[in-house]
Amino acid sequence: MNTVKVSSPYIRSIPSMVLKELQWAQPNPSYSPKSPSMLATNLIKSYFEKGSVKEARNLFDEMPERDVVAWTTMIAGYTSCNYDSLAWSMFHEMLNEGFMPNAFTVSSVLKACKGMKSYSCGALVHGLAIKYGLMGSIYVDNSLMDVYATSCCSMKEACLVFHDVNPKTDVSWTTLIAGYTHKGDGYGGLRAFQQMLAEGADQSAFSFSIAVKACALTGASSNGVQLHATILKHGLDSSLPVMNSMIDMYCWCQCPSEADHCFNEMPQKDLITWNTLIAGYKRSNSSKCLALFTSMESQGFTPNCFTFTSVIAACADLSLLTCGQQIHVDILRRGLDKNIALANCLVDMYAKCGSISDSRRIFDSLSYKDLVSWTSMMIAYGVHGYGKETVKLYNEMVRSGIQPDRVVFIAVLSACSHAGLVNEGLTYFNSMLTDYNIIPDQDIYRCVVDLLGRAGKTEAAYELIKNMPVDPNDSVWGALFGSCKAHKLPNLGKLAAQFILEARPDMAKTYLMLSNLYASEGDWGDFAKMRKLMKGLGGKKEPGCSWIVLKNDVYSFVVGDKVGPQMERVYEVLSMMVLHMDEADYVPDINCCLHDPEDGT
DNA sequence: CTAGGGTTAG
């Protein structure tokens with residue numbers, strides 16, 4: 001017999017080209033299918049590999065006989081295409097039809113549990129793995145650890161599993177380190193990495209890249225520098241993930257020249273290399289972020305959603321509306337506008353560049369809005385002073401079934417405080433505590449103190465501070481100080497200022513306001529003391545600046561600017577504005593202005 | 001025949 005029997009009902013959905021391949025392969029004597037479904041199983045796998053999920057499913061549905069391998073292929077295939085819940089229901093169906101899962105099946109379905117971040121699914125499979133005697137398979141153990149690390153808030157469960165893995169492989173260690181690191185616990189990740197070294201486990205590019213990521217999270221470069229040396233010693237600097245991680249670490253640890261050095265020395269780069277450095281510079285030097293973006297295409301790299309989110313955020317930081325609009329066009333041209341994270345970033349950019357109607361247009365165009373979309377739009381309204389709109393949006397969001405988080409409450413509370421919606425704000429604060437069990441942190445307290453303080457309820461704000469479960473930080477006291485200043489409560493103000501200066505002795509603004517307060521009371525001794533302390537800070541305080549974009553150039557101004565292009569014209573316009581202010585009987589409050597008493601500016 | 005870990009945004 002030299003042809004494949006094609007009478008099986010499931011074979012008809014196989015494309016004729018593939019059939020030819022199969023017929024050609026058949027005479028090969030080494031080819032001996034172990035089960036009747038093997039051909040179909042291999043095809044299912046290749047369908048998944050090229051993303052043809054529907055075709056894979058059709059073929060599976062038409063198989064007259066399915067074995068555990070076919071089922072496992074379906075489960076693993078769905079997961080590899082990010083259809084984790086479909087993988088999970090496949091597993092259910094398989095059990096219902098009486099099949100016994102093997103180690104392959106269990107590790108595949110555990111990967112689906114990880115994708116769903118489902119602790120309960122993971123625990124259920126854990127139980128089944130014990131029942132079927134599959135614990136002890138290194139694949140099962142490692143993937144179970146991974147599920148627990150991803151789905152539990154602590155690493156306790158993952159560590160319990162890890163403890164019993166024997167022998168531990170570099171995969172086990174990498175999974176453990178990644179568990180801590182992905183939770184944001186850089187020191188936990190580093191501790192696990194050190195333990196791994198102490199136990200003499202094999203080191204790989206995998207474990208190094210995640211360990212370097214852990215260093216990035218700690219924000220201190222000392223560990224990272226040591227790792228860098230070890231990586232060079234092991235010759236692992238040829239691994240892109242390792243070096244990309246290294247660039248990221250140097251950026252997070254404020255070592256831009258080291259990040260540049262790694263970047264320039266890399267003989268090969270990928271898109272992630274570029275994106276990592278671009279994202280790093282977005283946080284420290286937005287102009288350089290834009291410059292890198294401009295040069296990446298000439299080096300043969302095509303920007304993606306990651307690139308654009310950084311670049312759009314850089315435009316937002318620099319308030320470059322025209323630049324942001326041009327890049328937005330680029331995003332539309334490349335069809336990336338459906339990416340939700342990027343769209344959220346655009347909402348933020350337009351708001352920061354003063355074009356709130358564009359923010360709203362993008363927000364409305366989203367077919368699916370996530371928590372960040374709602375938050376971005378609420379913050380956009382908030383900074384523009386549209387408190388009522390923020391509150392409206394909050395209510396809409398809750399109605400649409402999205403659970404607000406800490407950041408949402410910061411947005412709502414600060415919007416309420418700027419719009420004078422005291423009672424609404426307090427209602428949301430209570431709802432946050434009782435309906436959503438969010439433990440208020442310093443930022444939330446600052447918002448509530450500000451809410452009360454702006455409304456003139458300074459004493460109530462002070463009472464709240466006194467009853468805080470943790471020691472209030474300088475920004476909480478700062479909110480109270482602002483209220484004391486606005487509502488002329490010098491004694492409480494002095495108290496608040498003392499607390500601020502205790503935590504932040506570098507706050508020039510606070511010394512100034514405090515000295516003005518002493519002056520108004522005729523307390524010239526304390527006045528002089530404050531001025532002296534302030535002078536001691538030297539030029540540490542960065543002056544606030546304004547700027548204007550003309551054509552493609554940004555012109556920025558600070559107080560007392562004497563040189564610069566067309567400065568005479570600037571001062572001309574300035575004096576005209578002062579005239580207008582006088583005409584409108586506007587008396588500016590210069591009490592909070594920073595000025596140098598020496599030269600009278 | 002079927003299974004595992006790492007890097008970039010928000």
Side-chain angles (χ1 to χ4, degrees), chain A residues 31-46 48 66-77 79-80 101-112 114 134 137-147 149 165 169-179 181-182 189 204-214 216 236 239-249 251-252 270-280 282-283 303-314 339-348 370-373 375-376 407:
Chain A
Y31 183 85
S32 52
K34 287 178 191 156
S35 79
S37 63
M38 193 176 148
L39 289 179
T41 303
N42 278 335
L43 261 174
I44 289 173
K45 195 187 169 201
S46 46
F48 275 121
R66 300 163 186 144
D67 58 6
V68 66
V69 179
W71 282 99
T72 303
T73 306
M74 284 304 291
I75 294 166
T79 307
S80 69
N102 62 19
F104 288 84
T105 322
V106 167
S107 72
S108 301
V109 79
L110 283 171
K111 196 178 175 185
K114 180 195 178 182
L134 299 170
S137 150
I138 190 70
Y139 284 92
V140 171
D141 292 357
N142 288 342
S143 46
L144 183 63
M145 252 178 77
D146 208 359
V147 176
V165 181
T169 62
D170 56 330
V171 180
S172 321
W173 284 105
T174 306
T175 307
L176 183 75
I177 302 165
T181 307
H182 290 156
S204 65
F206 285 94
S207 55
F208 273 111
S209 56
I210 192 67
V212 173
K213 170 82 202 173
L236 287 171
S239 153
L240 277 169
V242 168
M243 289 315 286
N244 292 343
S245 218
M246 193 75 74
I247 292 175
D248 187 49
M249 183 275 293
C251 287
W252 279 108
D270 63 4
L271 185 55
I272 297 181
T273 315
W274 281 89
N275 286 347
T276 305
L277 195 64
I278 287 174
K282 186 224 84 187
R283 297 185 294 261
N304 68 3
C305 298
F306 283 83
T307 326
F308 281 115
T309 44
S310 299
V311 172
I312 285 293
N339 178 285
I340 183 136
L342 184 47
N344 297 342
C345 222
L346 284 165
V347 168
D348 186 61
D370 66 8
L371 180 66
V372 181
S373 318
T375 315
S376 305
V407 187

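First the proteins, then the strands, lettered A, B, ... as listed; each starts at 1.
Comparing B:dT8, B:dA9, B:dT7 by their nearest atom to the side chain of A:T309 picks out B:dA9. With distances taken from any side-chain atom of A:T73 to the nucleotides B:dT2, B:dG6, B:dA3, the minimum falls on B:dT2. In the set B:dT8, B:dG5, B:dA9, B:dG5 carries the atom at the smallest distance from any side-chain atom of A:D146. Comparing atom distances between the A:T41 side chain and each of B:dA3, B:dC1, B:dG6 picks out B:dC1 as nearest. Side chain of A:A103, nearest nucleotide from B:dG6, B:dA3, B:dA9: B:dA3. In this structure, of B:dT7, B:dG5, B:dA9, it is B:dA9 that holds the atom nearest to the side chain of A:R283. The side chain of A:N102 sits closest to B:dT2 out of B:dT8, B:dG6, B:dT2. Here the side chain of A:T276 is nearest to one of B:dA3, B:dC1, B:dT8, namely B:dT8. Nearest to the side chain of A:S137, among B:dA3, B:dG5, B:dT8, sits B:dA3.
When all heavy atoms are compared, the tightest approach of A:T41 to A:A70 is OG1-CB, 3.8 Å.
At the heavy-atom level, A:A279 lies under 4.0 Å from the strands shown only through sugar-phosphate atoms. No engagement by A:T105 is indicated, since no non-hydrogen atom pair under 4.0 Å with the nucleic acid exists. If you check every strand for non-hydrogen atoms under 4.0 Å, A:V242 touches a base. Across all strands shown, A:L271 has no heavy atoms under 4.0 Å from either base or sugar-phosphate atoms. A:T181 comes within 4.0 angstrom of no nucleic acid atom, judged by non-hydrogen atoms across all strands. Among the heavy atoms of the strands lying under 4.0 Å from A:A76 are primed sugar atoms or P, OP1, OP2 only; no base atom is included. Residue-level contact check: A:S239 touches the bases, meaning some heavy atom is under 4.0 Å from a base atom. Residue-level contact check: A:N344 touches neither bases nor backbone, having no heavy atom under 4.0 Å from any strand.
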Which donor-acceptor pairs under 3.5 Å do side chains of residues 105-112 of chain A form with protein atoms, sequence neighbours excluded?
unit_1: A:T105; atom_1: OG1; unit_2: A:T72; atom_2: OG1; d: 2.9
unit_1: A:T105; atom_1: OG1; unit_2: A:N102; atom_2: N; d: 3.1
unit_1: A:T105; atom_1: OG1; unit_2: A:N102; atom_2: OD1; d: 2.8
unit_1: A:S107; atom_1: OG; unit_2: A:A103; atom_2: O; d: 3.4
unit_1: A:S107; atom_1: OG; unit_2: A:F104; atom_2: O; d: 3.3
unit_1: A:S108; atom_1: OG; unit_2: A:F104; atom_2: O; d: 2.8

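Here B:dA3 presents its P atom at 14 Å from CE of A:M74, a figure rounded to the nearest Å. Between the C1' atom of B:dC1 and the CD1 atom of A:I75 lies a distance of 15 Å, rounded to the nearest Å. Distance CG (A:D270) to C1' (B:dG6): 13 Å, rounded to an integer number of Å. With rounding to whole Å, A:I210 atom CD1 is found 18 Å from B:dG4 atom P. Atom-to-atom, CD1 of A:I340 to P of B:dG10 comes out at 15 Å; the value is rounded to the nearest Å. The separation between A:D248 atom CG and B:dA9 atom C1' is 11 Å, rounded to whole Å. In this structure, A:L277 atom CG and B:dT7 atom C1' are separated by 14 Å, rounded to whole Å. Here the P atom of nucleotide B:dG6 and the CG atom of A:L240 are 17 Å apart, to the nearest Å.
You can call A:F206 stacked on the base of B:dG5; the centres are under 5.5 Å apart and the planes sit within 30°.
Proximity of A:K114 to the phosphate of B:dG4: no side-chain N or O atom is located under 4.0 Å from OP1 or OP2. For B:dC1, the OP1/OP2 oxygens have no side-chain nitrogen or oxygen of A:K45 closer than 4.0 Å. For the pair A:K282 and B:dG10, the criterion of a side-chain N or O lying under 4.0 Å from OP1 or OP2 is met.
Between the side chain of A:T175 and the base of B:dG5, no donor-acceptor pair under 3.5 Å is found. Below the 3.5 angstrom threshold, one finds a donor paired with an acceptor across the side chain of A:D170 and the base of B:dG5. Evaluation of atom-type donor-acceptor distances gives a pair under 3.5 Å for the side chain of A:S209 against the base of B:dG6. The base of B:dA3 lies outside donor-acceptor range of the side chain of A:S108, with no N or O pair under 3.5 Å.
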Exercise for the section: Any chance you could lay out the side chain to side chain contact (heavy atoms under 4.5 Å, CB included) test for A:M74 and A:I44, step after step, and finish with the verdict? Expected result: CA-CA 7 Å; A:M74 284 304 291; A:I44 289 173; 3.6 Å; yes
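At a threshold of 4.5 Å between non-hydrogen side-chain atoms, the residues A:D270 and A:N244 count as touching. Residues A:D170 and A:S207 fail the side-chain proximity criterion, which asks for heavy atoms closer than 4.5 Å. Under the 4.5 Å side-chain criterion, counting only non-hydrogen atoms from C-beta, A:D67 is not in contact with A:M38.
Each of A:I312, A:N339, A:D370 was evaluated against A:N344; a single residue qualifies, A:D370, per the side-chain contact (heavy atoms from CB on, under 4.5 Å) test.
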